[in-house]
Visitor: 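Handing you a structure now.
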Amino acid sequence: MKREAPLRLFKNPAMEALTLLPFSVFVIVWSVILSGATFFAWHHSTSATMTGVSWLIGLIAWFPFEYLMHRFLFHFQGKSTFAKSMVFVMHGNHHEQPNHSLRNLMPLSVSLPLALVIWGGCVWTMGSAIGAAVAAGFLCGYVGYDTVHYSCHQFSMNFPVLRKIKIHHIKHHYRKTDANYAITAVFLDKICNTKCDRS
């Protein structure tokens with residue numbers, strides 16, 4: 001059976017290649033980055049407890065960020081052609097072709113610069129000891145999110161909790177696209193009154 005080609009986003013082959021990401025490459029690259037970020041945070045740590053708490057704060061901060069990003073940026077209802085094109089490149093193409101494995105993860109061309117800005121911003125504003133740990137926790141949240149998102153589209157996820165997460169996300173694609181914005185912290189949709197109750 002011939003594999004479906006991903007929707008073309010750019011005419012330029014190099015730019016188009018930057019929008020595709022195999023899961024194996026994602027795992028390798030982010031394993032190295034998270035290991036480096038964690039090592040840096042631990043190396044600059046003044047207290048194991050403070051580092052752990054800071055890491056946890058960063059992780060927890062990811063969940064509302066994920067929800068807000070998906071709801072208000074990825075589903076931004078722009079009126080101009082430019083705004084509509086940007087939203088399609090960022091996320092709309094995923095709704096057009098939700099199960100293509102090369103487009104279920106945020107491309108490294110986007111995630112790596114953002115990660116550098118977030119890490120640098122945390123270290124600059126909070127210092128190396130705390131900021132690096134907060135950034136490491138936040139980035140772990142992102143990697144968890146993208147792994148779960150990829151799994152929702154590519155794996156059966158039969159374990160009860162994971163199955164519930166998958167059903168929650170699949171409803172976003174096939175029942176109501178303006179609901180079920182959360183991928184990992186699905187309870188946020190209930191809190192924010194954006195949960196799809198249709199079966």
Visitor: Checking N193 now: which residues fulfil side chain to side chain contact (heavy atoms under 4.5 Å, CB included) with it, not counting sequence neighbours?
Guide: none
Visitor: For residues L56 and V143: do they belong to one hydrophobic cluster (side chain heavy atoms under 4.5 Å, members Ile, Leu, Val, Met, Phe, Trp, Tyr)?
Guide: yes
Visitor: Show every donor-acceptor pair shorter than 3.5 Å between a side-chain atom in residues 79-87 and any protein atom, with sequence neighbours excluded, or say none if there are none.
Guide:
{"residue": "S80", "atom": "OG", "partner": "A83", "partner atom": "N", "Å": "3.1"}
{"residue": "S85", "atom": "OG", "partner": "T81", "partner atom": "O", "Å": "2.8"}

Visitor: When the ring centroid of H100 is compared with that of H153, is the distance short of 6.0 Å?
Guide: no
Visitor: Once salt bridge (Lys or Arg N to Asp or Glu O under 4.0 Å) is applied, what residue pairs with a partner in residues 93-114 remain, sequence neighbours excluded?
Guide: E16-R103
Visitor: Going by side chain to side chain contact (heavy atoms under 4.5 Å, CB included), name the residues that satisfy it together with V110, two or more places apart in sequence or in a different chain.
Guide: M106, L114
Visitor: Taking all heavy atoms of C196 and all of K176, pick out the closest pair and write down the distance.
Guide: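 Scanning both residues completely, I find the closest heavy atoms to be SG-CB, 4.0 Å.
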Visitor: Pairs of donor and acceptor atoms involving the side chains of residues 68-77, under 3.5 Å and at least two apart or interchain, shall be tabulated with distances.
Guide:
{"residue": "H70", "atom": "ND1", "partner": "Y181", "partner atom": "O", "Å": "2.6"}
{"residue": "H70", "atom": "NE2", "partner": "H75", "partner atom": "NE2", "Å": "3.3"}
{"residue": "H70", "atom": "NE2", "partner": "H91", "partner atom": "NE2", "Å": "3.2"}
{"residue": "H70", "atom": "NE2", "partner": "H172", "partner atom": "NE2", "Å": "3.2"}
{"residue": "R71", "atom": "NH1", "partner": "Y67", "partner atom": "OH", "Å": "2.9"}
{"residue": "H75", "atom": "NE2", "partner": "H91", "partner atom": "NE2", "Å": "3.4"}
{"residue": "H75", "atom": "NE2", "partner": "H95", "partner atom": "NE2", "Å": "3.4"}
{"residue": "H75", "atom": "NE2", "partner": "H172", "partner atom": "NE2", "Å": "3.1"}
{"residue": "Q77", "atom": "NE2", "partner": "H75", "partner atom": "O", "Å": "3.2"}

Visitor: Strictly by side chain to side chain donor-acceptor pair (under 3.5 Å), give each pair with a member in residues 120-143 just once, sequence neighbours left out.
Guide: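 Pairs touching residues 120-143 that pass the test: Y142-D146.
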Visitor: Side-chain heavy atoms under 4.5 angstrom apart, residues restricted to Ile, Leu, Val, Met, Phe, Trp, Tyr: same cluster for L188 and I167?
Guide: no
Visitor: Calculate, to the nearest 0.5 Å, the distance between atoms CG and CG belonging to L7 and N93 respectively.
Guide: 6.5 Å
Visitor: Linking I/L/V/M/F/W/Y whenever their side-chain heavy atoms sit closer than 4.5 Å, directly or via other members, would L112 and V27 fall into one cluster?
Guide: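 Result: yes, single cluster for both.
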Visitor: Scan for salt bridge (Lys or Arg N to Asp or Glu O under 4.0 Å) pairs involving residues 121-134, sequence neighbours excluded, and state none if there are none.
Guide: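 Applying salt bridge (Lys or Arg N to Asp or Glu O under 4.0 Å) to every pair that reaches into residues 121-134, excluding sequence neighbours, yields nothing.
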Visitor: How would you list all residue pairs meeting side chain to side chain donor-acceptor pair (under 3.5 Å) that involve residues 104-118, not counting sequence neighbours?
Guide: N104-Q154
Visitor: Drop me the distance from H168's NE2 to N180's CG, to the nearest 0.5 angstrom.
Guide: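 Atom-to-atom, H168:NE2 and N180:CG are 3.5 Å apart.
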Visitor: Taking side chain to side chain donor-acceptor pair (under 3.5 Å) as the cut-off, I'd like each qualifying pair that reaches into residues 23-46, sequence neighbours left out, listed once.
Guide: S45-T51
Visitor: Please check if V117 and M90 belong to a single hydrophobic cluster, counting links between Ile, Leu, Val, Met, Phe, Trp and Tyr side chain heavy atoms closer than 4.5 Å.
Guide: no
Visitor: Are side-chain heavy atoms of L102 and L21 found at a separation under 4.5 Å?
Guide: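 Side-chain contact under 4.5 Å: no.
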Visitor: If you look only at distance, which donor and acceptor atoms sit under 3.5 Å apart when one is on a side chain in residues 58-66 and the other is two or more places apart or in another chain?
Guide:
{"residue": "W62", "atom": "NE1", "partner": "E66", "partner atom": "OE1", "Å": "2.9"}
{"residue": "W62", "atom": "NE1", "partner": "G141", "partner atom": "O", "Å": "3.4"}
{"residue": "E66", "atom": "OE1", "partner": "T184", "partner atom": "OG1", "Å": "2.5"}
{"residue": "E66", "atom": "OE2", "partner": "I183", "partner atom": "N", "Å": "2.6"}
{"residue": "E66", "atom": "OE2", "partner": "T184", "partner atom": "N", "Å": "3.0"}
{"residue": "E66", "atom": "OE2", "partner": "T184", "partner atom": "OG1", "Å": "3.4"}

Visitor: Following the transitive rule for hydrophobic clusters with a side-chain heavy-atom cut-off under 4.5 Å over Ile, Leu, Val, Met, Phe, Trp and Tyr, establish whether Y145 and I33 coincide in one cluster.
Guide: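 Shared cluster, yes.
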Visitor: If I take atom CD1 from residue I28 and atom CZ from residue F26, how far apart are they, to the nearest 0.5 angstrom?
Guide: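 Taking CD1 in I28 and CZ in F26, the distance rounds to 12.0 Å.
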Visitor: Going by side chain to side chain contact (heavy atoms under 4.5 Å, CB included), name the residues that satisfy it together with C152, two or more places apart in sequence or in a different chain.
Guide: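 Applying side chain to side chain contact (heavy atoms under 4.5 Å, CB included) to C152 gives V148, M157, I165, K166, H169.
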Visitor: Could you state the interatomic distance from CG (L34) to CZ (F39), rounded to the nearest 0.5 Å?
Guide: 15.0 Å
Visitor: Walk me through whether L105 and H149 qualify under side-chain contact (heavy atoms from CB on, under 4.5 Å).
Guide: CA-CA 8 Å; L105 300 160; H149 181 246; over 6 Å; no
Visitor: Going by side chain to side chain contact (heavy atoms under 4.5 Å, CB included), name the residues that satisfy it together with A132, two or more places apart in sequence or in a different chain.
Guide: F40, A41, W119, V123
Visitor: Taking atom CH2 of W55 and atom CZ of F138, what is their separation to the nearest 0.5 Å?
Guide: 13.0 Å
Visitor: Show, in sequence, the C-alpha distance, side-chain angles and deciding distance for I130 and I57, and conclude whether the side-chain contact (heavy atoms from CB on, under 4.5 Å) test is met.
Guide: CA-CA 10 Å; I130 295 175; I57 288 171; over 6 Å; no
Visitor: Quick check: are there more than 12 heavy atoms from other residues, nucleotides or ligands sitting under 6.0 Å from CZ of F159?
Guide: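 Atom CZ in F159 is not packed in, count stays at 12 or less.
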